[in-house]
Novice: 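The structure is given below, and queries will be raised subsequently.
One-based numbering, in listed order, for ligands and for the atoms of each. For the numbers below, each heavy atom of this structure counts, side chains included, while hydrogens, waters and symmetry mates do not.
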Amino acid sequence: MPSRVRVRVPASTANLGPGFDCLGLAIGLYTTVEMSLLEPGEGLQFEMVGEGAGRVAGDTNNLIIRSANSVWEATGQGPVAMSVKVINDIPLGMGMGSSAAAAVSGVVAANALAGGVLSRSDLLRRAAHLEGHPDNAAAALFGGLVMVSAVGEELMWATPTIAPLKVAIAMPGVRLSTAEAREALPKQVPMQDAVFNIGRTAFVVRALETGDYEMLGWAMTDKLHQPYRRKLIPGFDAAVSAARTAGAAAVALSGAGPSVAAFAPNGHEKIAEAMKIAFELSGVSCRTFVLPVDRQGVQISVVG
Ligand code: HSE
């Protein structure tokens, strides 16, 4: 069995408009975690550089460590002494799947150190449970476009092949936790809104498969979460409309936000810049990214 492994896990944008909690897309920004077993009694060693370094506890509250511990418990080893080194390029708490990447890195690295005893379904279920919802976790694990749905205790997933795609992302300097963004949602929704989203979700998948941006433009619309969340993000409406004016075919809240993801066949830098200016004119700072789709999902290498 390996004593040291490295996993590289992609960021992700979830929901893609109507596919609330069931669509995710892996994007080319990464967290890399090197995990190794230490001698019993050596405890926990945690180091982190990059996005969020210094803001993340290195103890058993840490999501990577909790995720690894869930695997040690499942494999009957109990919490073990380990060293965790993180290089993180995914902004934390911004709707780009940083916590899913953390959960996936923890379960996948620990499973590799344990000899790969857990199945991909089990790893997904654990990461999704630790994170609270499955869409980012599924994209981070499997890469590309992922659809995921619960069937009893199981999570079913599929990874339709999609046309080449890049995403322009605007990340406003707004603090919005996923918990707050979920709190803003109603407990019940009108039947016609549910029907609207079901149809649109199917067409989002089709549009991404075929690279049909005209279809994506009307399909990537939503009545289940964005109407309730947009008010939590100053400048959201202005950024959406600026992206469209700059040539975006479709624009959606990235996961629970606050980031905004825009889709277009070309002109991504211009679209990202237009969203940034719109946020800044609304008094909100903004960073931008133009990212390819990650098609591989988590990658594991043995380093010792
Ligand atoms: N589907 C989740 C939500 C994703 O929208 O709350 C959170 O990143």
Novice: If you define the side chain from C-beta out and look only at heavy atoms, does anything of Pro234 sit under 4.5 Å from Val174?
Specialist: yes
Novice: Numbering the atoms of ligand 1 from 1, which are under 4.0 Å from a heavy atom of Asn15?
Specialist: 1 (N), 3 (C), 5 (O)
Novice: With a 4.5 Å heavy-atom cut-off, do Val108 and Met35 have their side chains touching?
Specialist: no
Novice: Are any of the N/O atoms in His133 less than 3.5 Å from those in ligand 1?
Specialist: no
Novice: Does Gln45 reach the side chain of Leu38, with side-chain heavy atoms less than 4.5 Å apart?
Specialist: yes
Novice: Please confirm whether the backbone N or O of Ala128 pairs with a side-chain atom of His133, one donor and one acceptor, at under 3.5 Å?
Specialist: no
Novice: Could you list which atoms of ligand 1 come closer than 4.0 Å to a heavy atom of Phe20?
Specialist: 3 (C), 5 (O), 6 (O)
Novice: Report the part of Asp21 (side chain from C-beta onward, or backbone N, CA, C, O) that has a heavy atom under 4.0 Å from ligand 1; answer both or neither where that applies.
Specialist: both
Novice: Could you tell me, atom by atom, which parts of ligand 1 come under 4.0 Å of a heavy atom of Arg229?
Specialist: 3 (C), 5 (O), 6 (O)
Novice: Relative to ligand 1, is Arg182 under 4.0 angstrom through side chain, backbone, both or neither, heavy atoms considered?
Specialist: side chain
Novice: Going by the side-chain hydrogen bond (donor to acceptor under 3.5 Å, both in side chains) test, name the single residue among Asp89, Asp294, Asn88 that passes it with Tyr30.
Specialist: Asp294
Novice: Tracing side-chain links under 4.5 Å among I, L, V, M, F, W and Y, which residues wind up in one group with Val303?
Specialist: none
Novice: What residue and heavy atom of the protein are closest to atom 8 (O) of ligand 1, and at what distance?
Specialist: Asn136 OD1, 3.0 Å
